[in-house]
Amino acid sequence: MFDAIRKNAVTLAAFAVITTGVTAVVNYVTKPTVEHQTALQQKTCSIRWCQPICMTTIFSKSVSW
C-alpha cells in the first residue's frame with residue numbers, strides 16, 4: 001500500500017514540476033506581447049477618457065473668461 005502511495009506521490013510531483021515549467025516558459029515567451037497590449041490598452045483608455053475632460057475644461061475656461 002505504501003508503494004502505491006509513494007508511486008502516486010512521485011507521479012503527482014513530476015506532474016507539478018512539468019506544469020510549473022510549462023507555465024514559466026509560456027509567461028516568458030508571451031511577456032513582450034502582454035506588455036505591448038497593455039500599453040496599447042492604456043493609451044486607448046487615456047485617449048477615450050481624456051478627450052471629454054479636456055473638452056469640458058476648455059469650454060468651461062472659455063465660458064468663464
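No experiment lies behind these values; they were computed from the predicted model shown. Computed over heavy atoms, backbone and side chain alike; hydrogens, waters and symmetry mates excluded.
Note on residues 8-22: no pairs pass salt bridge (Lys or Arg N to Asp or Glu O under 4.0 Å), not counting sequence neighbours. Counting only residues at least two apart or in different chains, salt bridge (Lys or Arg N to Asp or Glu O under 4.0 Å) contacts with residues 9-25 are absent.
Rounding to the nearest 0.5 Å places CD of Gln37 at 9.5 Å from OG1 of Thr44.
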Return a table of donor-acceptor pairs under 3.5 angstrom between the side chains of residues 2-12 and protein atoms on other chains or two or more places apart.
from	atom 1	to	atom 2	distance (Å)
Asn8	ND2	Ala4	O	3.3
Thr11	OG1	Lys7	O	2.8

Residues 21-34, side-chain donor-acceptor partners within the protein, below 3.5 Å, at least two apart:
from	atom 1	to	atom 2	distance (Å)
Thr23	OG1	Thr19	O	2.8
Asn27	ND2	Thr23	O	3.4
Thr30	OG1	Val26	O	2.7

